[in-house]
Each structure stands twice: as structure tokens, then as C-alpha cells.
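All remarks here apply to the structure that follows.
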Number of protein chains: 2
Amino acid sequence: MSGNKVTLASLAKLAGVSTSTASRALNNNPLIKQETREKIQKLAKDHNFSLNAAASRLRLQKTNVIAVIINLEKETEQSIDDPFLLKVVSDINLAVNKQGYELLLSNSYMAGDDWHGYFISGRRADGLIVVGQGKQQQKIERAAIQGTPLVVWGDPKTQSNYPIVGSDNFLGGKTATEHLLNKGASKLLFLGEPAHAELGERYRGFLAALETAHHAKAELVRIDITSDAAYGIINQKLRESGLTFDGIFACSDMVALGAMKALKERYVSVPNDVRIVGFDNIAMADISHPSLSTIAQNTKVAAELLVQKLLQQLAGESPQSEQVDITLIQRQSS
Amino acid sequence: MSGNKVTLASLAKLAGVSTSTASRALNNNPLIKQETREKIQKLAKDHNFSLNAAASRLRLQKTNVIAVIINLEKETEQSIDDPFLLKVVSDINLAVNKQGYELLLSNSYMAGDDWHGYFISGRRADGLIVVGQGKQQQKIERAAIQGTPLVVWGDPKTQSNYPIVGSDNFLGGKTATEHLLNKGASKLLFLGEPAHAELGERYRGFLAALETAHHAKAELVRIDITSDAAYGIINQKLRESGLTFDGIFACSDMVALGAMKALKERYVSVPNDVRIVGFDNIAMADISHPSLSTIAQNTKVAAELLVQKLLQQLAGESPQSEQVDITLIQRQSS
DNA sequence: GTGAAAGCGCTAACAT
DNA sequence: ATGTTAGCGCTTTCAC
């Protein structure tokens, strides 16, 4: 309950200097003599003084805050449970902090429709990072048109008036599929929903890999991007038609693991009877048994790129979309 | 790039009223005539106007922001990858928003040592939610003493001068262990680190359940709370001493899954040879094969309690610590 | 039911 | 190298 009422002015008086000197000292302005600076900084520390962020934000017209909006597919307000999405947020948090910014975690619920108004005009943040293109492309578009500094995690190949950072999904799909073919699979399944931008690219890569493999067959199995859906459809396929495939490229690790569960329950051997490759390289990929081969996305690099491109916009530049490399991680499932 | 310069004053002028009227209208102050209010609110919407949060925070001495600090065990600044921790944050986010507050996501890196100074005096947030008791108990303690509105996710039985919300870990450990015994296990392993407050309670529950089971044997296996550590130790045990146990209570699902992998690799049947129960009920518990029995924590309820108790503090009350019920979820692994 | 005016705490242009 | 001062945009007391 101590000294909550310390202000810059009172601190300055204590130090016997003006508020401007105190302000400059605390902001490490080189104009101030080293000795004065140290004295004032020590005084501030002794009194547990911190500059009032609200006041300096008002004065500077700058918040030093970056808002992160998680763009859920589902309209319902649920908590997130895809570990990958959360990994992305966590890496963004680190990258944001590294640049001296703070992270306001948001979602469509709080921000409403007018992102520019709410975040930028409302001086809640200097810029936005949107995770997932989702259903709200109009909201993003609109904010961008209004001049919101804005970057998106998604499919970098999508045409847009804002920079998108994401993995080379096409290459990821192609690499995964070629790997399945090399391992001897010839009747392949794609598990996912190509209507989703990133997954569409993965599917294109899947098809591209198959073009040169004339003996191979492929089937697109459209499902929700959940392990439950994958479990359900594989179960159903096995029940109704038996084992008509010998390789699966799943659009995410969660989907792959769901499929794997169905196979194991029906005593289909992975990888002998069916090879599986996932996408994301979540922690569970390594712990599942058999462990899951997958395409790893480099979320750390991507997060740093997102932040960097946002800061470039704040500096008046116009950065472009950018792809991040993927890596095939081979484990037991293939 | 449009109308970034709309202020309350300019809006008021447009509407032909004073700034006070405009302010009251936008804040739904009942003093204002319905008609005036609607006119001004419509005007604001048309001009994409939002009140400048920095200015009103300065004026009101209130931010409407709650900071969430993730208290990692490890000192190194890594990204989080326990899905459970992230589930908690996600649920807190929802609960915070529900109360009309925003969420500032933070970590020890940004906040430094002086949490009260940084967040409260610095007017970055009105209160703190700390996730995990971790190593920084002094920081928490200190902030609390300085009068920081503060709640902690952790072990509610820990003595403290701030409210702690968390699961009934003792009951969880006891329930899990009784379940293992009922299922016929008599040589039990506890996998975890009881020095950690929450896990210590789970271990106490483990021991309590064994007290009435005179025929049963128990062993404490201290390990890092990671699936890798669990995998490693179980592997080592099997290699060195063979199968000397028939039941495992793992302190988290990730740990349980790591142990399960080691067992499966060595063809130990789960649940026939060894029964396993985890803790947390992460998504993977349901997808693993065999699926994992576990103690589910009610993160949604806990998150709402955390926020509620924080708001109570803001209102001058002194809420107490509180336990949240747990549920045994039986699946194939037992 | 509405308006005038003060002031929240800070920063920076301008002065010295 | 440091001080004086205006003003960022809002809310609310006090007056009518």
C-alpha cells in the first residue's frame, strides 16, 4: 500500500531538478549528464517509481503495445485447444517482448467489427497481428484499408493488401507426399479441408507430387480439422471398405493422430500397412507410438518475421508477404 | 488512412453539443436524453470513432486491463509447450473478456522484479493473474505486500497473503490412486516432483490412498515434469530391473504419455500389465492409444474464479483461496 | 438535461 | 545541461 502517489513531478522535486530533466533521465536521453541520470534513476528505483504508461501514451500518441487477435474458425466462443495455434501465440509473445513491445491478447469478441477504431484510434495498440485467416477476411481487409498496421499468420501465397507470413505449405505438402511415395505407398489419402487457404496449398503440393507418380492413386477426404473427425472417417472407411489405402497425408498432426488411433484400434500396422505424415510437429508427434513423421513449421522464425514486418509498417515501410521454410521430420510412422 | 484525427471534441462539435454531453452519451450515462445519446452514438459509429483509451485511462486512473503472467519453471526464456498451461491461459482470456477487461499477456522478461511498479504504478493493468507458483514466490509475495491486486493459479492449500485458485490436488491424487488399486494394481509408481506445491499435494493424496491398502507397495520416482523424462526413466527401469510395477500415477498427462510410450515400445500391455492414470485431461488423453485415464481439472470454472476474485479485490474486498473440483475420467489405460 | 473548465501525468519544443 | 510551459483527449465537478 506504499507510495502509490509518486509522480514524475514529485520525484523531480525530491531530486531538485525539473520534470523535463527527470523525464529525460528516466528515458535515457543522452542530453542528461551521466551523474544526474544515475541519481534520478536510483531515486526512482528506491521509490518503486514507474512512469505512468497511460500518461506517456497519451502524450506520445504511441502505446508500445501490439495486439494479437486469434481468428478462430468456429463462431462460438470457445477456448483454443490446438497446441499448434498456442505455440504460435507463445512464440509471437516472445518476439514481441524482444522488441520492447507488450502483447495485448484479443479475440473477435472484444474487438468487434471495427478493428481500426477499437485498437488504433482507441489507442489500445500500435498494430495488429492476426493469427489465422479464418472467416474474418473482410474484417482484416477493412482494417488494412483504413491504414491499420497489420500482419497475418496464414498462407503467404494469398493475394492481399497486407503482409502474410506463413510456411511454404505447397512445398510442405509436396515433400510429405513424395516421402510417402518413396516409402512405397501408392494409394494415398489427403485428410483435410482444401477450402482453407493454407490447407489448399498443402493439397496442391500433394497433387503436384502425385503428377510424376503415374502408378499412384489419390483420394481427397474432406473433413473438419480435428482429431475426432479424422478418427471417425478412418474408422468408417475401414469398416465399410476395408483397407483401401496405404498412405495418409494429414493436414495437421492432430488429424494424423486421430487417424492413427483408428488404424491401431483395427490392428492396421503403422507404418507397415499404412504410412502417415502429419503437419506442424507438435510435441505429441514425438511422444505418440509409433512416433509421427511430420512437416515441421518454424514458428519461431515466423513469429519474428511477423513482428519485424509490423514494426516496418510502423516505420512507414511496406513489407511483403514471406514464406518460411519447412522441414520433413521422419519418425516411425513412415 | 481516413479520419484518424477524430476526437471527442470534434465529434461534439459535429453534433452541436459540448464535450461533456458527448462523453456522457458515449458512456451511456443515464443523465443524457435518449435522443441525444442515440444521435451521438450513431455519429461516432459513422465516423469510426473510438474513445482514446490512453486519455481515459489517464483521467480515470483505471486501465480496464488485467495482466497475466506466466510463471515458467525454467529460467530460460522459452516458448511454452505444455498444452495444459495454454488451456488455462485461453480460459482466463475468455473469463477476462467476459467481464469487460482486456488481457495483457506478460512474462518475467518484461515485468522485471518490481511487478507493482511496472503494472500498477505504471498504469499498465489494474491487477495481476499469475499462472503457476514457480520459482518466483518472492516476487508474488512482494507485489502482494505492496498492495497489488493479485490472484494466483496454483495450489490453494498453500499458505499465502493472496488468494490462490486451483484444483483439489490432494483429492485428485487420492482418487487416481484408489482407482488404480481398485483396478487391481498393487505395485504403484508416482511419477513427478513433489517439491512443486501442486504436485506435492497430489503425492500426499497418493500416499493417503495407499494407507488403507496394506498389501500395496509404492515408489516415488522423482523426475522433471516432461514426457521425455518420463519416457527415459521408465525405459531405464524396464531395462535394468524388468517389470517391477503394475500401476502408474503420473503427475500430468504429458508425463503419463511419455511413460506409456516407453511401455509400448517394450511390449508391456496397458492396461493389462500396467495401469496408468494421468492428470489434466489434455486433448491428447482421448486420442492416444490406448486412451488415457486421467484426473480432469476444471479450468473454465477456475479461470472464472480467478477473475472474480481479482475483481473483488479491485472492489476492496479480500477474497480467500478456493479449490475447484476434479473429476476422474476413466479411459482405456486403466 | 447540458455546458464550462480543470486537471489526470507525461514529453518535447523552445528558451537559457 | 537543464528549466518553463503547452498540450495530448478525456471525465467530472460545479454551475445553470
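By convention in this document, chain letters (A, B, ...) are assigned in the order of the sequence lines, proteins followed by strands, and residues within each chain are numbered from 1.
- In the displayed structure, A:Lys62 atom NZ is contacted under 6.0 Å by more than 12 heavy atoms of other residues, nucleotides or ligands.
- Within the nucleic acid shown, A:Thr7 comes within 4.0 Å of sugar-phosphate atoms alone, with no base atom in reach, counting heavy atoms only.
- At a threshold of 4.0 Å, the pair A:Lys309-A:Glu317 does not count as salt-bridged, since none of the basic side-chain nitrogens sits closer than that to a carboxylate oxygen.
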### Task
Report the C-alpha separation of A:Ile140 and A:Tyr162 in whole Å, then their side-chain angles, then the decisive distance to 0.1 Å, and conclude whether the side-chain contact (heavy atoms from CB on, under 4.5 Å) test is met.
CA-CA 9 Å; A:Ile140 306 182; A:Tyr162 44 83; 3.6 Å; yes

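- The shortest distance between the side-chain N/O atoms of B:Ser18 and the OP1/OP2 oxygens of C:dA4 is not below 4.0 Å.
- Put simply, chain A comes within 4.0 Å of DNA chain D, heavy atom to any atom, from D:dA1 to D:dG9, going 5' to 3'.
- Considering only side-chain N and O atoms, A:Asn52 lies nowhere under 4.0 angstrom from the phosphate OP1 or OP2 of C:dC8.
- At a threshold of 4.0 angstrom between heavy atoms, the contacts of B:Leu60 are confined to the sugar-phosphate backbone, with no base atom among them.
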### Task
Applying side-chain contact (heavy atoms from CB on, under 4.5 Å), run through B:Ile69 and B:Ile129 and close with a yes or a no.
CA-CA 6 Å; B:Ile69 301 183; B:Ile129 298 178; over 6 Å; no

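- Put simply, CG on A:Leu26 is 9 Å from P on C:dC10, counting in whole angstrom units.
- Between B:Ile32 atom CD1 and C:dG3 atom C1' the separation is 10 Å, expressed in whole Å.
- Both A:Thr19 and A:Pro30 lie close to DNA chain D; mapped to their nearest nucleotides by heavy-atom distance, the more 5′-ward contact belongs to A:Pro30.
- For B:Leu58 and C:dG7, the CG to C1' distance is 9 Å, given to the nearest whole Å.
- Spacing between atom CG of A:Leu31 and atom C1' of C:dC14 amounts to 13 Å, rounded to whole angstrom units.
- No more than 12 heavy-atom neighbours from other residues, nucleotides or ligands sit within 6.0 angstrom of CG on B:Asp325.
- Here C:dG1 presents its C1' atom at 14 Å from CD of B:Gln34, a figure rounded to the nearest Å.
- Across all strands, A:Thr36 comes closer than 4.0 Å only to sugar-phosphate atoms, never to a base (heavy-atom distances).
- One interatomic measurement links the two molecules: CD of A:Gln61 to C1' of C:dC10, which rounds to 12 Å at whole-angstrom precision.
- A salt bridge does not link B:Glu38 to B:Lys45: none of the charged nitrogens lies less than 4.0 Å from a carboxylate oxygen.
- Contact annotation for B:Leu51: backbone-only contact, meaning every heavy-atom pair under 4.0 Å involves sugar-phosphate atoms and none involves a base.
- Residues A:Ser23 and A:Ser20 bring no donor and acceptor atom of their side chains to less than 3.5 Å of each other.
- If you find the closest nucleotide of DNA chain D to B:Thr21 and to A:Gly16, the one lying nearer the 5' end belongs to A:Gly16.
- Using a 4.0 Å heavy-atom criterion, one finds that B:Arg57 contacts no nucleic acid atom at all.
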